> 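I'd like to ask you about the structure that follows.
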Amino acid sequence: MQIDSGFTFVLFGGTGDLSMRKILPALYEAHRGGMLSEQGRIVAVARHAADLNGYLDWMNTNVKAHVSKNGFDEAVWKRFIERIDYVKLDLGKSEDFVKLRDALEGHAGIRVFYLATGPSLFVPICRALAAVGLNLNSRIVLEKPLGYDLRSSNAINDAVGEIFAEEQIYRIDHYLGKEPVQNLLALRFGNALFEPLWRREWVESIQITIAEELGVEGRGDFYDNTGALRDMVQNHLLQLLSIVAMEPPHSMDSDSVRDEKLRVLRALKPIDSRDISKVAVRGQYHGGVIRGSSVPAYATEPGVKPQSTTETFVALKAEIENWRWSGVPFFLRTGKRLADRIAEIVVNFRPVPHSALGAPALRPGSNRLVIRLQPNEWIRLYCLAKQPGEGMNLASVHLDLAFDQFFKEGQMEAYQRLLLDVINGRLALFVRRDEQEAAWRWVEPILNEWATSTKPPKPYAAGTWGPAAASAMLAQHGTCWLEEEN
Ligand code: BG6
């Protein structure tokens, strides 16, 4: 659906990795699908290319490869690159921003400034834009990581907030743009079936896992100063948790949804520094084997300090202090170089209070909802059924909802959805400042403890599911990670 009425999309970091892999391919897909208005322009801003021809050469060499998977079309590509302008800009030179302003003059519609740059450049870029009056009639998109902790994130938000109003600021968390995450909202709030059971009386525990097979992929330097807690938990995992646990919003408008997510984040039980070893496990991968190939230890990756204590794995127990969720553990887990690439949410329901059908009906996890977010999207509702034949023997069966069998249309990629939302002024899938602060506030005691701890992260072999301590944490609650069943 094309609803914007002209826009100028200004891409800072125009030759960066994110622009190459995600942003430009997503814009191409939106163009190919007829979702961008004819008047929409894309202005790439970078230092490397000398001029527009140089930039288009760079695009032809580097970006095409990332758009081909859904059917690359040369004619469509040619029309797409007609939308592109290029401004060579040195961030340190104020006259270059005058040049940018001049280049934008006469373009119709809203201006979107996408900062696909490191966070240290957010404030200087915003200030330079304001100095030439480009903060008016515009939106600004900030990529994660937004800061390093609550203080640095506040410093960025304060400075950006002096220049742009909150309604102009789009903080991206690409997990919110994923189709299955949208589907979670549809499942919860479009059906009467689940909502009555979605609470402490019926739910025993919830697991949220984002597991990756990939390692640090040439980002060793960045990652070693970041770690899994900042890279994945503070943002993606806590956003997923807030969507799983939020109250039904009054409407899907941006503030109704974000208000409810914020309530969850603020209700997270603060973690006492003395309890961290009981509710948090940090790990770091050693060498191992993934899909038959040897992979090196984290500490030997380029850019990583040999004695690094940065975590590549985190497992946490979170609790939400409200009537709906009191006492229900939420187990969160993420890691690099794990046994599989999987993102999923597992809702374990309580067993029946009394079983006339023997022990299986009393077994934890016999009723369970598994929401698979990636690599493919499905929802499975596990329950017990009678095994055919004599006697009453129960066996686990599942109702299966595989979305690719129901819907012919391919999924829209997260960045495409989010970029269209920015262009069209829809804020619901972007993180509001107060949500971000609440998330930082919750993870900070763990960050602080790990920063000063003399205990190194627990080792795990690449290609496994992380340190044994992550399983032990669940065992204390009489449960286990989904893949450990049977
Ligand atoms: C990014 C992290 O935000 O998310 C990366 O910085 C991680 O380290 C990536 O690999 C995972 O995203 P996805 O969509 O591939 O699950």
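Source: prediction; values computed, not measured. Ligands are counted one by one from 1 in listed order, and the atoms in each one are counted from 1 as well.
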> Among protein heavy atoms, which sits nearest to atom 16 (O) of ligand 1, and what does the distance come to when rounded to 0.1 Å?
Tyr175 OH, 2.5 Å

> Honestly, is Arg111 close enough over Phe7, meaning NZ or CZ under 6.0 Å from the six-membered ring centre and within 45° of the axis?
no

> Which atoms of ligand 1 have any heavy atom of Lys336 under 4.0 Å away?
5 (C), 7 (C), 8 (O), 10 (O)

> Please verify the inter-ring angle class for Tyr114 with Phe9; under 30° counts as parallel, over 60° as perpendicular, anything in between as tilted.
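Correct class here is tilted.
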
> Is a salt bridge present between Arg324 and Glu247, judged by a nitrogen-to-oxygen distance below 4.0 Å?
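Glu247 and Arg324: salt-bridged.
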
> With a 6.0 Å cut-off on ring centres, are Tyr460 and Trp465 close enough?
no

> Which residue owns the protein heavy atom closest to atom 4 (O) of ligand 1, what's the atom, and how far is it?
His174 CE1, 3.4 Å

> Would you check whether His236 reaches within less than 4.0 Å of ligand 1, judged by its heavy atoms?
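The answer is yes, since His236 has a heavy atom less than 4.0 Å from ligand 1.
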
> I'd like to know if Glu260 and Arg432 make a salt bridge, using a cut-off of under 4.0 Å between side-chain N and carboxylate O.
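Result for this pair is no, no salt bridge flagged.
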
> Would you call the rings of Phe12 and Phe113 parallel, tilted or perpendicular, taking 30° and 60° as the class edges?
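Taking Phe113 first and then Phe12, their aromatic rings sit tilted (interplane angle of 30° to 60°).
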
> State plainly whether the residues Asp173 and Lys144 are in salt-bridge range, i.e. N to O under 4.0 Å.
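Salt bridge flag = no for Lys144 with Asp173.
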
> Backbone or side chain, does any N or O of Tyr223 fall under 3.5 Å from an N or O of ligand 1?
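It does not: no N or O of Tyr223 is found under 3.5 Å from an N or O of ligand 1.
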
> For atom 6 (O) of ligand 1, what is the nearest protein heavy atom, given as residue, atom name and distance?
Asp231 OD1, 2.6 Å

> Quick one: look up the protein heavy atom nearest atom 7 (C) of ligand 1 and list residue, atom name and how far away it is.
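Sorting protein heavy atoms by distance from atom 7 (C) of ligand 1 puts Glu212 OE1, 3.5 Å first.
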
> Compare Arg341, Glu143, Arg219 and give the one whose heavy atom is closest to atom 5 (C) of ligand 1.
Arg219

> At what distance is the nearest protein heavy atom to atom 14 (O) of ligand 1, and which residue and atom is it?
Lys178 NZ, 2.6 Å

> For Lys144, counting its heavy atoms only, list the atoms of ligand 1 lying under 4.0 Å from any of them.
1 (C), 2 (C), 3 (O), 6 (O)

